[in-house]
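Here the structure comes first, spelled out in structure tokens, and everything after it is commentary.
Atoms considered below: every heavy atom in the structure, side chains included; atoms not considered: hydrogens, waters and symmetry mates. All values derive from a computational prediction rather than experimental measurement. So that the names make sense, note that chain A is the first sequence line, chain B the second, and so on, each numbered from 1.
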2 protein chains.
Amino acid sequence: MARPRSKSRGELIGGAMRVFWKNGFASTSIEDLVSATGVGRGAIYTDFGGKEDLYRHSLAAYRAKFVDPALALLNDGEDGLDAIRAYFDYFIALHKRHGMPGPGCFFANAMTELAPHDASVKDLVNQHAQDLRVGFRIALKRAAKAHSAILSAAELEELAGFLSTASQGLWSYGRSIDDIAQLECFKKALLKLLHLRMQS
Amino acid sequence: MARPRSKSRGELIGGAMRVFWKNGFASTSIEDLVSATGVGRGAIYTDFGGKEDLYRHSLAAYRAKFVDPALALLNDGEDGLDAIRAYFDYFIALHKRHGMPGPGCFFANAMTELAPHDASVKDLVNQHAQDLRVGFRIALKRAAKAHSAILSAAELEELAGFLSTASQGLWSYGRSIDDIAQLECFKKALLKLLHLRMQS
DNA sequence: CCAGTTATGGAACAAGCATTCCAAAAAGCA
DNA sequence: TGCTTTTTGGAATGCTTGTTCCATAACTGG
């Protein structure tokens with residue numbers, strides 16, 4: 001053994017993730033990755049299969065670092081509507097920290113840029129969409145219980161899919177607007193509608 | 001006068017629009033545009049300022065050809081909820097014709113790819129979002145009247161913004177899924193919620 | 001302190017890119 | 001038919017890209 005890495009594999013992925021997330025795949029050059037991570041050009045090819053492979057690892061890292069905590073919020077607390085509110089607050093806070101226009105959701109970005117042309121990215125993106133759908137379904141179920149509302153399994157699934165898709169639109173939207181209040185407005189409108197559904 | 005164009009300026013923009021819409025800006029090369037439109041390499045630089053300028057013209061052409069008819073649907077009919085349903089049916093039919101995964105919405109794609117880095121694209125995208133918001137607001141107002149529901153101006157605006165953002169999520173989603181039924185499912189869930197709001 | 005091993009990062013490479021240029025072709029006009 | 005005007009599309013340009021290579025540097029085990 002000799003010459004340990006100056007930057008660990010995790011640091012490389014983490015740095016790459018931030019650049020890919022913000023700028024997308026095609027607009028990010030190897031040079032951008034090198035200067036953003038401080039890692040050597042060679043490491044991208046000795047540790048990974050190249051640019052595409054690093055991108056896929058970045059998506060996985062994003063899920064672990066940002067999505068999983070958000071999904072955990074959906075499972076927390078007694079009233080599912082509060083959990084859903086917490087989920088949106090989590091990502092809105094992320095955008096507030098970053099400054100607007102924000103980075104959006106890495107998966108939503110991949111959905112528009114790469115999923116139509118890269119099968120493995122498409123699978124990762126659809127897996128994320130399903131994870132989100134499951135999270136919302138569980139939260140909605142708790143919400144129905146807390147508000148004594150009657151929701152069939154089919155209605156639950158339908159509503160969960162709706163929430164998953166609509167929230168992707170919110171994060172896309174966050175990439176082009178300057179005012180974070182519009183994100184809050186979306187959250188408010190959505191929760192009003194859900195509250196109404198739970199009371200009917 | 002001599003040598004009329006083999007392809008008109010409109011044909012050039014129309015062909016370019018389809019390629020940019022499907023593949024995005026960075027992944028579309030001049031060669032792709034040339035082979036897709038059948039137009040000469042030079043025409044892109046004599047008739048337009050280059051690739052970026054042609055992209056902006058493509059966005060405008062997309063609005064004229066696909067968005068304006070959809071916005072007209074939002075203004076049509078007595079019950080605004082039917083108009084909103086017609087709007088979604090219009091774009092779902094577009095995806096059905098194209099085959100899944102679909103092309104999504106050109107503006108939604110531009111929102112994630114270019115808006116954060118190109119100010120003029122950002123303006124075009126935000127203008128589109130506002131057009132959509134206005135369209136939904138007008139439809140919602142008619143819906144409230146038809147269902148004798150009471151909605152304040154603020155609530156109307158809030159709901160219109162929500163619809164505009166959520167629908168962008170739907171078209172993004174259309175780029176990564178194989179089953180068109182999920183688009184229908186979203187529409188169904190959304191209209192159920194709106195119907196509920198109009199009855200309260 | 002030396003030998004062995006492995007990461008390093010600048011140079012090199014071929015391919016692809018957007019853009020420019022221009023000789024030739026094609027059409028209108030007289 | 002000839003002259004002018006304008007488009008045309010291939011060649012050329014200079015730059016950037018993703019990827020490979022390798023002499024060097026740096027660390028470890030003995």
Side-chain angles (χ1 to χ4, degrees), chain A residues 1-59 61 109-110 113-114 116-121, chain B residues 1-59 61 109-110 113-114 116-121:
Chain A
M1 287 289 156
R3 190 87 187 268
R5 300 203 129 71
S6 61
K7 305 273 175 175
S8 73
R9 183 184 160 97
E11 283 174 313
L12 207 180
I13 300 181
M17 180 196 75
R18 267 159 238 277
V19 185
F20 279 136
W21 182 6
K22 207 175 180 183
N23 299 337
F25 179 79
S27 296
T28 299
S29 69
I30 299 288
E31 200 54 44
D32 290 335
L33 293 170
V34 166
S35 61
T37 61
V39 85
R41 229 169 309 280
I44 295 174
Y45 296 92
T46 51
D47 293 13
F48 301 92
K51 193 186 175 186
E52 282 193 45
D53 191 48
L54 182 54
Y55 183 85
R56 282 187 285 267
H57 278 89
S58 297
L59 269 177
N109 301 347
E113 189 189 2
L114 278 181
H117 311 290
D118 186 312
S120 64
V121 169
Chain B
M1 284 290 153
R3 190 86 186 267
R5 299 202 129 72
S6 62
K7 306 272 176 176
S8 73
R9 183 184 160 97
E11 283 174 312
L12 207 179
I13 300 181
M17 179 197 74
R18 267 159 238 276
V19 185
F20 279 137
W21 183 5
K22 207 175 180 182
N23 299 336
F25 179 79
S27 296
T28 299
S29 69
I30 299 289
E31 200 54 43
D32 291 335
L33 293 171
V34 167
S35 60
T37 60
V39 85
R41 228 171 310 283
I44 295 173
Y45 296 93
T46 51
D47 292 14
F48 301 93
K51 194 185 174 187
E52 282 192 45
D53 190 48
L54 182 53
Y55 184 87
R56 281 187 286 267
H57 277 89
S58 298
L59 269 178
N109 302 347
E113 189 189 1
L114 279 182
H117 307 107
D118 185 312
S120 64
V121 170

How many whole angstroms separate atom CG of D32(B) from atom C1' of dC17(C)? 11 Å

Please give, in whole Å, the distance from dG9(D) P to D47(B) CG? 13 Å

Testing dG18(D), dT20(C), dT8(D) for proximity to the side chain of A43(B), the answer is dT8(D)

CZ of R9(A) versus P of dA7(C): gap in Å, rounded? 13 Å

Is there side-chain contact between Y55(B) and L114(B), with heavy atoms separated by less than 4.5 Å? yes

In terms of the nearest nucleotide of DNA chain D, which residue is placed more toward the 5' end: E31(A) or G42(A)? E31(A)

Rounded distance (Å) that lies between atom C1' of dT19(C) and atom CD of E52(B): 13 Å

Would you name the heavy atoms of L12(B) and T37(B) that are closest together and state the gap between them? O-CG2, 3.8 Å

Starting the side chain at C-beta, find the nucleotide from dT19(D), dA18(C), dA11(D) nearest to R41(A). dT19(D)

What's T28(A) touching, base or sugar-phosphate or nothing? Going by heavy atoms closer than 4.0 Å. sugar-phosphate

I need the CD1-P distance between I30(A) and dT20(D), as an integer number of Å. 10 Å

Round to the nearest Å and state the distance from I44(A) atom CD1 to dT17(D) atom C1'. 13 Å

Do F20(A) and L33(A) come close enough that some side-chain heavy atom pair is under 4.5 Å? yes

Nearest heavy-atom neighbours spanning D32(B) and V19(B): CB-CG1, 4.5 Å

Would you say a side-chain N or O of Y45(B) is under 4.0 Å from OP1 or OP2 of dT20(C)? no

Whole Å only: how far is the CG atom of L12(B) from the P atom of dT7(D)? 13 Å

If I take atom CG in residue D53(A) and atom P in nucleotide dT19(D), what distance separates them, rounded to the nearest angstrom? 10 Å

